[in-house]
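Only one structure is covered here, and it is reproduced in the block below.
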2 protein chains.
Amino acid sequence: MSSKPTMRDVARKSGLSIATVSRVINYPGEVPAETAEIVTAAVRYLNYRPNINGRRLKMTHTRTVGVLVPTLANPVFATSVQGIEQEANEEGLTVLLTSSNYDPEREMGAVSALLNNRVDGLILTLANADNNPVVDLLLAEKIPFVLLFNQPERADIAAISVDNAQSAFDITNAMIAKGHRSLVMVAGQFESSDRSRQRYDGFCRALDQAGIEKKHLVQVRFGETDLVEPLRDLLLGPDAVTGIVCSTDMLAIAAISACRAHGLSVPGDVSVGGIDGISVGGLITPKLCSAVQPTQQMGRQALAFLRGLIKGQTNPQSLLLPHHLSDGDSIGSIRGSSRRRSSTRV
Amino acid sequence: MSSKPTMRDVARKSGLSIATVSRVINYPGEVPAETAEIVTAAVRYLNYRPNINGRRLKMTHTRTVGVLVPTLANPVFATSVQGIEQEANEEGLTVLLTSSNYDPEREMGAVSALLNNRVDGLILTLANADNNPVVDLLLAEKIPFVLLFNQPERADIAAISVDNAQSAFDITNAMIAKGHRSLVMVAGQFESSDRSRQRYDGFCRALDQAGIEKKHLVQVRFGETDLVEPLRDLLLGPDAVTGIVCSTDMLAIAAISACRAHGLSVPGDVSVGGIDGISVGGLITPKLCSAVQPTQQMGRQALAFLRGLIKGQTNPQSLLLPHHLSDGDSIGSIRGSSRRRSSTRV
DNA sequence: TCTGCCAATGTAAACGTTTCAAATGTTCAT
DNA sequence: ATGAACATTTGAAACGTTTACATTGGCAGA
């Protein structure tokens with residue numbers, strides 16, 4: 001007997017029927033203690049473990065949820081997955097994880113694979129939530145899903161996010177409040193992230209409100225961490241900026257590094273702010289100023305939300321969680337003289 | 001017809017048998033182009049997607065691998081999972097991800113859940129690879145598995161890792177070479193990570209070789225990022241250290257932060273070195289000196305390795321990948337005067 | 001003793017695949 | 001015309017569960 005023991009084997013061993021065994025395993029309460037004991041003894045003796053695939057085939061639901069994130073390399077997504085996992089674990093749900101690498105093309109393939117697995121529902125962070133074929137597919141097939149970090153325009157889609165535009169608005173304002181008038185936003189490419197665009201909108205709104213005309217934008221491929229060249233002109237050129245607003249903390253950390261590489265100090269010469277609130281931001285020097293979102297909590301919420309949808313709860317609601325500005329020291333007051341000196345130095 | 005279309009539906013629609021449909025889907029080459037066309041038309045028309053659970057039940061293998069990591073919050077593991085995912089994706093394998101949160105108790109539960117899913121094999125990063133009940137279970141059940149980051153004592157277990165002791169030895173030596181004689185290692189608790197212990201061993205070996213008697217050790221819970229108190233005495237006390245070797249880069253970043261909090265500069269007053277080589281280490285100031293392991297590559301390798309075992313390749317081999325020291329500037333030459341000044345300053 | 005009821009257990013039919021063995025058709029040399 | 005050889009296709013039996021329904025037996029009430 002080399003193959004794995006099945007329920008039938010347990011039944012034979014315990015002299016009971018396969019149905020009783022099944023009941024002992026799934027509804028322990030509905031079976032007399034003695035029989036349960038016999039069965040569990042056989043289970044232990046044979047080292048039996050239920051084949052979940054048999055169950056999944058029979059049952060209408062699989063107690064499995066699919067998760068799609070752009071990448072695990074950015075701690076903001078890794079942390080959200082942690083939250084999802086925790087909550088899933090507590091509920092005895094299995095998580096199927098995939099990543100798109102920010103590639104809209106791969107999103108469909110990944111979701112397709114998840115659907116083939118007959119997941120009960122999905123948690124997705126999409127490149128672009130609006131006009132997305134994946135969203136259309138899911139709606140058409142009536143598969144419950146929750147968007148995470150996306151802020152779709154349509155109101156009938158469940159989504160958990162912070163207010164992206166407002167986050168960017170706030171961090172930008174924090175710089176403006178310190179006297180900065182010449183700012184650039186460093187953002188991931190808009191095609192790869194609607195968050196990027198929304199955050200850029202918030203950045204622009206803040207500048208507009210302050211009556212600042214000049215709006216610089218530097219876009220980089222996702223995963224790129226070398227900002228030395230992309231920022232050269234804006235840091236050293238004739239109309240050099242004094243503040244860099246980054247659409248993610250990862251970019252902010254890279255921006256600080258680039259400033260240093262150009263001989264500029266942060267926040268002495270240039271101020272830098274980020275968005276996301278990844279934990280490492282609080283450990284580096286200067287401590288990163290960021291619009292912090294409750295990332296892990298958002299993951300948990302997303303799963304809780306999804307469970308509701310799976311249970312049949314209708315009318316998906318979007319949830320905008322509050323963000324807050326962290327008290328870092330990567331944003332400083334403008335000091336015209338210091339900035340001039342360092343920019344002429346090169 | 002609200003329920004999902006099945007293969008039977010496709011067969012009916014295309015006027016062919018269910019067996020032919022199956023063949024078109026699984027072995028497209030072995031079927032005349034015309035019939036294939038008819039079938040795929042029906043598939044498209046019905047929006048049919050194969051139910052993987054049906055297949056998994058019938059087949060002996062599931063084309064699914066289970067992955068267990070301590071946490072995704074540490075980029076070193078997140079990155080390795082990225083590597084695993086990439087390779088799995090290319091092979092059309094599904095990844096089931098779980099995390100133990102460094103808790104040995106939870107390892108068994110997590111692996112058990114993965115086995116219930118009938119994964120074809122496992123990639124595990126265990127708290128402690130030696131005398132581990134999970135390892136025993138897997139060996140007993142003859143489930144292929146590969147350890148990642150673990151360096152087990154037994155030679156008959158497949159494992160992919162760098163040489164942990166040697167990594168620590170090298171980074172420690174780098175400090176000694178700069179004149180440091182008073183060193184501490186900051187490590188995660190040994191019960192939660194055999195890597196920690198192995199790295200501590202390497203640290204000790206380097207000190208021994210240099211004839212340094214005093215071996216300081218500070219152990220912290222995993223996930224802990226506040227080292228201000230744990231390091232207070234060793235940074236400010238009478239026999240303050242000049243160098244901190246950390247068993248992970250995350251700890252190293254936290255250690256640098258703690259030094260700053262105590263008014264000490266890195267590397268001016270204290271040198272700090274890490275192990276792992278997480279990417280953010282290269283972006284912060286000072287650039288982190290670290291014993292770098294090819295994390296993502298290790299993930300890919302682990303999966304490639306696992307595929308071999310699943311295919312029946314016997315005699316699992318361990319693989320020690322090379323590490324290298326990164327050229328950072330968190331390790332500086334000893335400057336007795338400077339160190340004294342700053343330590344008396346407080 | 002019989003009836004009816006209830007608790008405990010068992011029987012058997014799915015669930016959606018894959019795949020072996022068998023059936024059907026087609027081609028071609030004889 | 002016959003049948004061998006082959007290319008296609010099909011029927012049907014698993015795979016390991018869950019669960020509606022049937023069966024069993026014990027026991028209370030008459």
Side-chain angles (χ1 to χ4, degrees), chain A residues 1-40 42-43 46-64 92 94 113 115-120, chain B residues 1-40 42-43 46-64 92 94 113 115-120:
Chain A
M1 186 61 129
S2 80
S3 179
K4 292 213 152 61
T6 132
M7 213 155 177
R8 175 176 258 84
D9 298 324
V10 176
R12 213 182 335 257
K13 181 83 194 168
S14 53
L16 290 163
S17 84
I18 190 177
T20 306
V21 174
S22 172
R23 266 190 296 257
V24 169
I25 290 177
N26 295 298
Y27 312 95
E30 300 180 11
V31 140
E34 307 178 29
T35 17
E37 188 45 53
I38 297 179
V39 171
T40 49
V43 164
L46 294 173
N47 265 318
Y48 165 77
R49 45 180 75 252
N51 184 331
I52 282 199
N53 296 312
R55 168 185 313 199
R56 285 210 250 263
L57 185 54
K58 189 72 175 87
M59 310 270 279
T60 48
H61 61 269
T62 58
R63 296 196 63 70
T64 299
T94 302
L115 290 185
N116 288 354
N117 276 278
R118 292 298 191 273
V119 293
D120 291 337
Chain B
M1 187 61 128
S2 80
S3 180
K4 291 212 156 56
T6 131
M7 213 156 178
R8 175 176 257 84
D9 298 324
V10 177
R12 216 187 326 263
K13 181 82 195 169
S14 53
L16 290 164
S17 84
I18 190 176
T20 307
V21 174
S22 172
R23 213 125 33 84
V24 169
I25 291 178
N26 295 299
Y27 311 95
E30 299 181 11
V31 139
E34 307 180 29
T35 16
E37 188 46 52
I38 297 178
V39 171
T40 49
V43 164
L46 293 173
N47 264 318
Y48 166 76
R49 44 178 78 253
N51 185 331
I52 284 199
N53 296 312
R55 166 182 315 195
R56 285 208 249 263
L57 184 54
K58 189 71 176 77
M59 311 270 279
T60 48
H61 60 271
T62 58
R63 296 197 64 69
T64 298
T94 303
L115 291 184
N116 288 354
N117 277 277
R118 291 300 190 273
V119 292
D120 291 337

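In this text, all values refer to a predicted model and were calculated from it rather than measured experimentally. Computed over heavy atoms, backbone and side chain alike; hydrogens, waters and symmetry mates excluded. Labels below follow one simple rule: chain letters A, B, ... track the order of the sequence lines, proteins then strands, and each chain is numbered from 1.
- Note that the CG atom of N116(B) and the CZ atom of R55(A) stand 8.5 Å from one another [nearest 0.5 Å].
- Near-neighbour residues of DNA chain D inside residues 20-34 of chain B, defined by a heavy atom below 4.0 Å, number-ordered: T20(B), R23(B), P32(B).
- Reading DNA chain D from its 5' end, the first and the last nucleotide to sit under 4.0 Å from a heavy atom of chain A are dG16(D) to dT19(D).
- In this structure, R23(B) CZ and L16(B) CG are separated by 10.0 Å, a value rounded to the nearest 0.5 Å.
- Protein atom CD1 of I18(B) is 9 Å distant from nucleotide atom P of dT18(C), rounded to whole Å.
- Shown here are the side chain to side chain donor-acceptor pair (under 3.5 Å) partners of T35(A), two or more places apart in sequence or in another chain: there are none.
- Note: CG (L16(A)) to P (dA7(C)) measures 19 Å, nearest angstrom.
- Annotation: the terminal axes of the helix from dT1(C)-dA30(D) to dT30(C)-dA1(D) meet at 60°, where each axis is the rotation carrying the C1' atoms of four end pairs onto the next four (5 pairs per end, rounded to 10°).
- R56(B) is not listed as a side-chain neighbour of I52(A), based on a closest heavy-atom distance of 4.5 Å or more.
- For the pair P50(A) and G15(B), both in contact range of DNA chain D, the more 5′-proximal nearest nucleotide belongs to G15(B).
- Nearest approach of L57(A) to L57(B), heavy atoms of both residues: CD2-CD2, 3.3 Å.
- For A42(A), the side chain to side chain contact (heavy atoms under 4.5 Å, CB included) partners at least two apart in sequence or on another chain are V10(A), K13(A), S14(A).
- One can place CZ of R63(B) at 16 Å from C1' of dT17(C), the figure rounded to the nearest angstrom.
- Interatomic distance, N51(B) CG to T6(B) OG1, rounded to the nearest 0.5 Å: 8.5 Å.
- Of all non-hydrogen atoms in R118(B) and T62(B), the two that sit nearest each other are O-OG1, 2.8 Å.
- To the nearest 0.5 Å, atom CZ of residue R8(B) and atom OG of residue S17(B) are 10.5 Å apart.
- Rounding to the nearest 0.5 angstrom, the gap separating the CE atom in M7(B) from the CG atom in L46(B) is 12.5 Å.
- For DNA chain D, the neighbouring residues in residues 52-61 of chain A, judged by any heavy atom under 4.0 Å, are G54(A), R55(A), K58(A), M59(A).
- N53(A) CG to K58(B) NZ: the interatomic distance, rounded to the nearest 0.5 Å, is 14.0 Å.
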